[in-house]
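Computed from a prediction, not measured in an experiment: that's the story for all the values here. Starting from 1, each residue takes its place in the sequence as its number.
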Amino acid sequence: MFLNRSLAFPPSVRLLACACFVALLSPSALAEKKPVLPDWLKEAAKQPLPSYPANTNAVVLLSDTTYTVGGDLHAVEHHRVAIKILRPQGRGYAHLGASYDGDSKLRLLKIWSIGPDGHEYELKDNEIADHGAYEGYLLYSDDRYRGGTAPAGDPGAIVAMEYEREARPYSTEYIWHVQEELPVLKERLKVELPPGVEYKEVWKGKKETAPIDLEKGKYLWEVSNEPPVDLREVNMAPEWRGQTKRMSVHYFGASIPNATKGSWESIGDWYDVLAKGRNDATPELTAKAQELIAGKTDFAEKVQAIGEYVQSQVRYVAIEIGVGGYQPHPAQQIYKNKYGDCKDKATLLSAMLSSIGIRSTWVMVDSDRGVVDPNAPSIAGNHMIAAIELPAGYESPKLHAIVKANSGKRFLIFDPTWEYTPFGHLEYNLQGGYGVLMDGKNSQVIAFPILTPEVNSIHRSGQFKLAEDGSLDGQMLESRFGDIADRHRRLFRTGTEKEQREIFDRMLGRDLVNFSYDGLKVENAMELTKDLKMSYALKASSFARPAGSLLMMRPRVLGTDTLEADKKARVYPIDLGAAREVKDDYEIELPAGYVADELPDPVKIDMGWASYESVSKVEGSKLHYTRTYVVRQVELPAEKYEEVQKLAGVIGYDEQSNVVLKKK
């Protein structure tokens, strides 16, 4: 589902990249008559540029939007953008266009360019094409994209676009994306409101400017020299959309019946109107729910039975027409079709639970952590999950993703779309982020928990024999549980034998050079509440390296877990991935006549947000290596980067440490 589909990405960048137009449209197809460039483009082209880093591919010279709400309360967005291409890598910004659908018709689209040699161009209508805006799991959507490739889009060129688009009638929020992936020299937003309509602005990130009152319901915001959010060369980078600044303008008044007013409560009220009656239970749904919970008395067992049914038996397929991008289909229709998008699956779950007396509601989230900001009420989000109300005082070891609302009610947060995350858990990219609990007057933003590392784990163990020629031979067992098993469960459910072998080759190739494996056995691939187990025989030649009369080898057979830290100064938050626990336990029988002459020192370090320890020891003729790596957070502030660098160094050193063997 693409909640708030056209608002999820910055208009000046989101609407630029559409590489398929490279094939559809030839930049050499030029207008026969000399084009007439608009004055705003000529003025933008004259601006001197400040100094930018050498890797800056392009710069937005002007991003200018006027959002007009008419007396009939229908709104129109008029947008202009001009971009100067600075490097060959910036040629992609010559692809310009705008999305639209049946409720947001595109009234105007013009595309121009000024080549590096000063020649001026304008695309003709027949050089601009339409196509579907989304693919993948969408069975049908009326979202469209219209655009083309501006000619002569080489370094030194200026490309520009102007469009006018009707706003969707069911939204009273305009999102101004102040920050983009490119530097912006000048940007403006002008909002025009009719009498009786007022507004509230909310900022995600630092407030960049204050509005200028132009009188008669007109307001202007201006920002100059806005730096980009550039994560291209940032290790452990957070999600780009979660880092960008934006401003929302919510407009409302007595004449607007269902408006967001810049508060989470009003957003909940807005969605309640859209979703009213959609999660009503029917006799057929009730009968199915009763069938699923037959013989079960425990609350968690009942919810799990229904939750796993919706999670696994209702396919993720989207049909989105107009308001259908926001409004779920009726639960009975979803059940009959056995498919739906994320909001549909949350709706069917709610209806089936309500039929057995359990209440649940919707939670709007975004798949990128940081997009939903507790200080910036907005409908900016692209995903919908469920909040299941827990009985007062109820506890269960199965339930980990629990939040407490301001009302005092507790909810289990569950995503019936994420088909490989165990019931009671929450996918890693949502942990530590925020969502909007749609609960009428009790609607609010809620913080999602970070689950304990123990419920998201990798345990590797192996028993091996080392030969005098340095080859290693033995058995491996790897167990995964929680969200960290997602990719492997998916691989063994949907991947071909060839795909499975290719991925295993890459996985083992991170740690071994010459190896072979066979007898792969997989257990519990689709039993999400059990460990996924993978066992196989493993051989590796040249695992130990001769050094004169000595043999040198690392005690760690598999598992590279060091952090990808570098020496650069840190500006952005640090993405740690998922909270997790990784344990390794290897036993290697030494060649006859060999003893350990040197062992790596034990390692033990605890940073609070993560800890790491390892021990190598010899018992009789066997070398034992154990280590435990625990990550307790999903994201750190930039000022913690020195700690990340320190831990990365410790792990990297330990992973490359060697045991020295010698003959007796």
Side-chain angles (χ1 to χ4, degrees), residues 9-50 52 55-65 77-100 106 108-131 133 145-165 177 179-188 225-226 228 230:
F9 301 96
S12 300
V13 172
R14 166 177 50 86
L15 303 176
L16 303 181
C18 186
C20 59
F21 284 107
V22 176
L24 290 174
L25 302 172
S26 170
S28 62
L30 309 180
E32 296 177 2
K33 297 180 180 179
K34 181 177 175 59
V36 178
L37 300 185
D39 290 341
W40 65 265
L41 174 54
K42 294 177 182 177
E43 290 300 314
K46 294 178 183 177
Q47 296 178 97
L49 295 183
Y52 292 115
N55 67 346
T56 303
N57 292 333
V59 56
V60 178
L61 302 176
L62 175 69
S63 177
D64 188 356
T65 302
E77 175 193 15
H78 193 107
H79 182 66
R80 297 167 172 169
V81 62
I83 298 172
K84 185 165 186 176
I85 298 171
L86 303 180
R87 304 174 70 217
Q89 294 86 342
R91 289 191 177 105
Y93 293 103
H95 309 304
L96 301 164
S99 61
Y100 66 97
L106 199 60
L108 168 75
L109 176 63
K110 295 287 187 181
I111 296 174
W112 304 272
S113 61
I114 304 172
D117 59 0
H119 279 78
E120 300 173 354
Y121 307 93
E122 179 180 356
L123 284 187
K124 295 180 289 187
D125 285 346
N126 63 0
E127 297 168 330
I128 300 176
D130 283 81
H131 69 88
Y145 183 96
R146 181 166 174 78
T149 302
D154 295 314
I158 294 173
V159 296
M161 170 181 67
E162 181 172 8
Y163 70 77
E164 187 170 279
R165 179 175 59 192
H177 293 275
Q179 200 169 30
E180 303 184 0
E181 65 185 36
L182 298 177
V184 183
L185 199 59
K186 184 180 294 185
E187 52 191 324
R188 293 191 292 258
N225 297 312
E226 183 64 36
D230 186 356

- prompt: At their closest point, which heavy atom of P228 faces which heavy atom of P183, and how far apart are they?
  reply: CB-N, 3.6 Å
query: Do any pairs count as a salt bridge (Lys or Arg N to Asp or Glu O under 4.0 Å) and have a residue in residues 37-46, sequence neighbours left out, and if so which ones?
result: E43-K46
message: Minimum heavy-atom separation for R188 and K186, please, with both atom names.
response: NH1-CD, 3.6 Å
task: For the residue pair L109 and R165, establish whether any side-chain heavy-atom pair is separated by less than 4.5 Å.
output: no
message: For a 4.5 angstrom cut-off between non-hydrogen side-chain atoms, does I158 reach L41?
response: yes
Separation of S63 OG from L185 CG (nearest 0.5 Å): 11.5 Å
- line: Heavy atoms of M161 and W40 approach each other most closely as O-CH2, 3.7 Å
- line: In terms of heavy-atom contacts, L96 and Y145 come closest through C-OH, 3.7 Å
message: What I'd like to find out is whether the side chain of Y52 reaches to under 4.5 Å of the side chain of L182, using heavy atoms alone.
response: no
field: Between CG on residue L108 and NE2 on residue H79, distance to nearest 0.5 Å
entry: 12.5 Å
Side-chain donor/acceptor pairs under 3.5 Å, residues 81-89, sequence neighbours excluded:
from	atom 1	to	atom 2	distance (Å)
R87	NE	A54	O	3.4
R87	NH1	N55	O	3.3
R87	NH1	N57	OD1	2.8

message: Donor-acceptor pair, distance only, cut-off 3.5 Å: does the side chain of S113 make one with the backbone of P151?
response: yes
statement: Residues at least two apart in sequence or cross-chain that pass salt bridge (charged side-chain N to carboxylate O under 4.0 Å, His left out) with K110, listed by chain then number, are E122
message: Restricting to non-hydrogen atoms, name the atom on L37 and the atom on W112 that form the minimum distance, rounded to 0.1 Å.
response: CD2-CD1, 3.7 Å
task: Of all the heavy-atom pairs spanning A152 and G115, show the shortest one and how long it is.
output: CB-CA, 3.9 Å
message: If we ignore hydrogens and angles and just use 3.5 Å, is the side chain of Q47 paired with the main-chain N or O of L61 as donor and acceptor?
response: yes
Identified side-chain hydrogen bond (donor to acceptor under 3.5 Å, both in side chains) partner of Y163 from the options H78, E77, R80: E77
